[in-house]
Protein chains: 4
Amino acid sequence: MSAAPERTPLTDRGRRTREALLSGARSVFEEQGFGATRMNDIATAAGTSHGTVYTYFQTKESVLEAVVQQVIDELLASLQASTAPDPTERVRDANARYLAAYAEHARLLRVVEEAAFSDARFDEVLRQLRSTHTSRVAAAIRRLQAEGAASADLDPAASAAALCAMVEGFARHHRADDHDTLTTLWARALGLSTKE
Amino acid sequence: MSAAPERTPLTDRGRRTREALLSGARSVFEEQGFGATRMNDIATAAGTSHGTVYTYFQTKESVLEAVVQQVIDELLASLQASTAPDPTERVRDANARYLAAYAEHARLLRVVEEAAFSDARFDEVLRQLRSTHTSRVAAAIRRLQAEGAASADLDPAASAAALCAMVEGFARHHRADDHDTLTTLWARALGLSTKE
Amino acid sequence: MSAAPERTPLTDRGRRTREALLSGARSVFEEQGFGATRMNDIATAAGTSHGTVYTYFQTKESVLEAVVQQVIDELLASLQASTAPDPTERVRDANARYLAAYAEHARLLRVVEEAAFSDARFDEVLRQLRSTHTSRVAAAIRRLQAEGAASADLDPAASAAALCAMVEGFARHHRADDHDTLTTLWARALGLSTKE
Amino acid sequence: MSAAPERTPLTDRGRRTREALLSGARSVFEEQGFGATRMNDIATAAGTSHGTVYTYFQTKESVLEAVVQQVIDELLASLQASTAPDPTERVRDANARYLAAYAEHARLLRVVEEAAFSDARFDEVLRQLRSTHTSRVAAAIRRLQAEGAASADLDPAASAAALCAMVEGFARHHRADDHDTLTTLWARALGLSTKE
DNA sequence: CATGAATGAGTCTTCATTCAT
DNA sequence: TATGAATGAAGACTCATTCAT
């Protein structure tokens with residue numbers, strides 16, 4: 001009866017405020033992490049009173065969810081498979097883009113990971129993200145195998161999982177833009193026939 | 001601010017209490033995570049009263065730190081380089097042991113990761129752990145290269161980082177004991193000359 | 001403090017809106033009680049926007065006050081003294097009508113009682129209601145005594161108070177339409193001479 | 001896991017504090033009502049910090065519940081049936097005691113009524129209280145009927161309900177100690193044979 | 001050493017009311 | 001008039017940490 005519905009802004013002013021909140025929230029989350037961020041910080045960052053946050057969002061989790069929603073699609077879009085002709089180029093390209101995308105969103109992803117410790121929703125978000133990406137990579141591997149460009153004896157799904165883990169882990173812990181080693185390892189692991 | 005120094009128990013009874021606390025704390029942390037664990041839960045799990053925890057530890061973080069300390073050494077010990085004669089066997093062996101060790105300590109490691117979000121100390125712990133392991137792997141790779149068993153053109157440090165990331169990520173997200181694919185990928189990536 | 005004066009709507013549209021608000025408010029109050037009702041709920045029930053409520057009413061209390069105003073007169077009107085010739089019939093008739101009226105308005109009266117805990121205005125409303133009704137009953141008793149139909153030794157005011165309390169309490173707690181016992185008790189208490 | 005159990009004090013100091021809280025709470029509730037009472041007020045009245053209230057009680061409702069628990073038994077005890085030989089005396093006696101008990105606890109009962117609007121637990125408390133008392137009165141009426149001292153044609157349960165409602169309502173609205181009228185009405189309603 | 005009581009800073013959240021459009 | 005956004009006072013509750021016994 002007396003709910004506090006996640007309101008969708010009806011006017012322009014409302015839309016602007018909501019945007020300001022999302023953008024402010026993202027900044028603050030990225031700077032302070034999820035747990036350390038106070039609803040008040042979000043309001044302040046958006047230039048509103050703290051009550052206004054609750055006009056558009058129910059809880060801190062909802063805010064993060066909305067922030068993430070905006071980012072997820074954009075993130076997945078930037079991870080589309082490469083169309084380079086050479087397999088190794090494709091891999092290099094894919095890794096480069098992954099590392100770039102990761103670098104751009106690293107801080108927010110960390111926030112989501114943090115939030116995942118106390119809210120399963122975010123676990124799911126991450127699982128989805130990984131699973132989508134891994135599936136794409138598995139498909140790419142299958143394609144390479146069909147073309148005879150990659151070792152046929154590899155399990156595509158497991159390989160994809162492992163290789164994605166490698167890139168993600170590398171991106172996370174070394175945030176280097178050095179993807180040469182990465183590409184080489186990947187290519188050799190898959191037994192890519194290189195043009196030379 | 002903090003009055004009582006972290007005390008090392010002098011009496012037998014004290015030693016026993018401290019052990020109970022550590023063991024209880026580990027259970028509770030693993031079950032509930034760091035943030036969700038109350039000092040009270042730790043005391044209860046250890047069968048002591050609330051205040052006793054502070055006889056041995058200064059803060060919740062200190063408790064986790066002590067728990068972790070116990071585990072770290074044990075963990076690193078179980079990750080010593082293999083002594084198998086065949087390179088691929090060495091890799092398989094190492095991966096198997098890594099996955100086993102990870103599985104055994106996964107929950108606690110997650111707790112440390114969670115705590116790392118609010119306390120840099122734990123970030124450091126994880127970094128150390130990874131770095132120690134990666135160094136060892138890098139050394140192993142260098143050895144293989146010296147023996148002519150692995151591709152000489154690979155950067156040992158970067159490769160080690162990437163391959164460790166792969167195993168860690170695989171262990172984390174897929175907690176499978178399927179290490180065949182992992183070993184194959186690793187071996188091929190390194191260009192291991194297989195005995196056949 | 002309160003800027004806008006309680007306005008009487010001047011246009012037709014205004015009158016309709018005000019009616020909708022009152023009717024919606026009554027429903028919501030009766031369903032949820034006073035404290036649990038949000039201004040928002042009232043607006044929603046009336047099909048208006050949030051802010052519109054304040055065009056017609058100053059506070060939540062004002063809304064209830066207006067709702068009650070409408071009901072009070074109607075309620076008192078339905079409790080006019082009976083004109084049946086036989087005293088016992090008159091009593092039975094009066095009780096029946098009281099119970100019926102109570103049943104019809106019970107929920108709203110409960111709301112008023114609830115509001116009375118935090119706003120003396122509503123205490124006064126209830127006191128008035130009771131006092132009006134009790135006075136009428138006292139007058140009726142005096143009439144009966146004058147006619148020699150009721151025991152002359154009873155204090156009319158006190159008896160009326162007690163008997164009204166009985167009917168009200170019965171209505172409140174037992175919401176039965178069984179008024180036989182009630183009528184009998186009442187008649188015997190007053191020593192009504194029965195026709196037989 | 002991380003519950004905040006309604007703790008029973010184990011030490012004397014704890015017992016004293018809990019008592020202080022209950023007694024302070026009762027005062028404050030009676031003075032300000034349930035809704036207007038802040039946890040802080042209770043703490044202050046008990047001379048503790050507000051956190052201490054939560055050492056012993058979970059919510060404001062729990063505090064009231066504990067306060068009421070203490071009173072209920074005492075209240076029911078003081079409403080035991082009279083042992084006077086004369087029926088009318090018994091009634092007078094019972095009413096006198098009821099009015100006295102009511103007067104003593106009136107304020108707290110009002111608080112319970114207030115709380116009942118938002119918490120069904122308290123509705124139940126009141127229902128129980130009434131029902132216990134009404135049952136006793138019904139039993140008393142049956143006894144009188146068996147002795148031939150009261151009209152045999154009355155339904156004891158319904159009569160008890162009505163008469164209890166009368167006394168309660170009278171006590172509530174007129175808090176007079178004038179119980180003469182009450183006793184007379186009651187006696188006549190029941191057709192008590194008076195000794196004269 | 002152990003116990004359990006006491007503390008209070010820190011946050012989220014609600015919602016009546018005001019205000020700009 | 002009507003709308004819907006904005007405000008912010010107010011209060012409940014948690015829990016790490018301190019302290020008296």
Side-chain angles (χ1 to χ4, degrees), chain A residues 2-4 7 9-18 37-41 43 47-60, chain B residues 1-4 7 9-11 13-14 16-18 35 37-43 48-61 63, chain C residues 1-4 7 9-11 13-14 17-18 35 37-43 48-61, chain D residues 2-4 7 9-18 35 37-41 43 47-61:
Chain A
S2 25
R7 213 193 315 172
L10 298 176
T11 70
D12 244 26
R13 185 187 178 201
R15 256 181 301 276
R16 258 177 288 128
T17 302
R18 202 188 126 102
T37 293
R38 312 279 143 247
M39 287 303 248
N40 224 326
D41 300 335
T48 74
S49 92
H50 86 274
T52 295
V53 184
Y54 290 93
T55 301
Y56 298 100
F57 306 100
Q58 304 234 32
T59 62
K60 200 160 66 153
Chain B
M1 286 296 138
S2 345
R7 208 170 352 158
L10 298 175
T11 73
R13 183 195 186 197
R16 258 177 290 127
T17 303
R18 200 186 129 101
T37 293
R38 312 280 146 251
M39 287 303 252
N40 218 332
D41 299 334
I42 295 176
T48 77
S49 91
H50 194 151
T52 295
V53 184
Y54 287 91
T55 301
Y56 297 96
F57 306 99
Q58 304 230 31
T59 64
K60 194 159 77 152
E61 280 76 17
V63 180
Chain C
M1 288 298 134
S2 345
R7 208 169 352 157
L10 297 176
T11 73
R13 184 196 185 194
T17 303
R18 200 186 128 102
T37 292
R38 312 280 145 251
M39 287 303 251
N40 219 330
D41 299 334
I42 295 176
T48 77
S49 90
H50 195 150
T52 296
V53 185
Y54 288 91
T55 302
Y56 298 98
F57 306 100
Q58 305 230 30
T59 64
K60 195 159 76 153
E61 280 76 16
Chain D
S2 25
R7 212 191 318 170
L10 298 176
T11 70
D12 243 26
R13 186 189 179 201
R15 256 181 301 277
R16 258 177 287 126
T17 303
R18 201 187 126 101
T37 293
R38 311 283 143 244
M39 286 304 249
N40 224 324
D41 301 334
T48 75
S49 91
H50 87 273
T52 295
V53 183
Y54 290 94
T55 301
Y56 298 99
F57 306 100
Q58 303 235 31
T59 62
K60 200 160 66 153
E61 280 77 16

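A, B, ... follow the sequence lines: proteins, then strands. Residue 1 opens every chain. All values derive from a computational prediction rather than experimental measurement.
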Spacing between [X] atom [atom1] and [N] atom [atom2], to the nearest angstrom:
| X | N | atom1 | atom2 | value |
| --- | --- | --- | --- | --- |
| A/Asn40 | F/dA10 | CG | P | 16 Å |
| D/Phe57 | F/dA12 | CZ | P | 15 Å |
| A/Arg38 | F/dG8 | CZ | C1' | 19 Å |
| A/Arg15 | F/dG4 | CZ | P | 12 Å |
| D/Arg16 | E/dA5 | CZ | P | 12 Å |
| A/Asp41 | E/dT13 | CG | C1' | 16 Å |
| D/Tyr56 | E/dG4 | OH | P | 11 Å |

Looking at [options], which one has an atom nearest to any side-chain atom of [X]?
| X | options | answer |
| --- | --- | --- |
| B/Met39 | F/dT17, E/dT3, F/dT1 | F/dT17 |
| B/Lys60 | F/dG4, F/dA16, E/dA5 | F/dA16 |
| A/Thr52 | E/dA6, F/dA6, F/dA5 | F/dA6 |

Quick check: any donor-acceptor pair below 3.5 Å linking the side-chain of A/His50 to the base of F/dA6?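 Flag unset: no donor-acceptor pair detected.
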Would you call B/Tyr54 and B/Met39 a side-chain contact if the rule is heavy atoms closer than 4.5 Å?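 They are in contact (side-chain heavy atoms under 4.5 Å apart), so the answer is yes.
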N/O (side chain, [X]) to phosphate O (OP1/OP2, [N]) under 4.0 Å:
| X | N | value |
| --- | --- | --- |
| D/Tyr54 | E/dT7 | no |
| A/Arg13 | E/dT21 | no |
| B/Thr17 | E/dC1 | no |

Rounded distance [0.5 Å steps], NE2 in C/His50 versus CG in C/Asn40: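 C/His50 atom NE2 to C/Asn40 atom CG measures 5.0 Å (nearest 0.5 Å).
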Give the dot-bracket string for DNA chain F, reading 5' to 3', where a pair is Watson-Crick or G-U wobble with both distances under 3.5 Å, ( ) marks pairs inside the strand, [ ] marks pairs crossing earlier ones, | marks a partner on another strand, and . marks unpaired. .||||||||||||||||||||
Any chance you could lay out the side chain to side chain contact (heavy atoms under 4.5 Å, CB included) test for D/Arg13 and D/Arg16, step after step, and finish with the verdict? CA-CA 5 Å; D/Arg13 186 189 179 201; D/Arg16 258 177 287 126; 4.1 Å; yes
Looking at C/Arg38 and C/Asp41, does any basic side-chain N land under 4.0 Å from a carboxylate oxygen?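 Answer for the salt bridge query: no.
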Classify the nucleic acid contact of D/Ser49 as base, sugar-phosphate or nothing, counting any heavy atom under 4.0 Å across all strands shown.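 Base: the residue D/Ser49, judged by heavy atoms under 4.0 Å, touches a nucleobase.
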Which atom names give the shortest non-hydrogen contact between D/Tyr56 and D/Gly14, and what distance separates them?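 Distance-wise, the nearest heavy atoms are OH-CA, 3.3 Å.
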Could you pick out which residue, B/Glu61 or C/Thr48, lies toward the 5' side of DNA chain F when each is mapped onto its nearest nucleotide?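 Its nearest nucleotide lies further toward 5', so the answer is C/Thr48.
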Could you say whether C/Gly51 or A/Thr37 is positioned toward the 5' end of DNA chain E, judged by the nucleotide with the nearest heavy atom to each?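 Going by which nucleotide is closer to the 5' end, it is A/Thr37.
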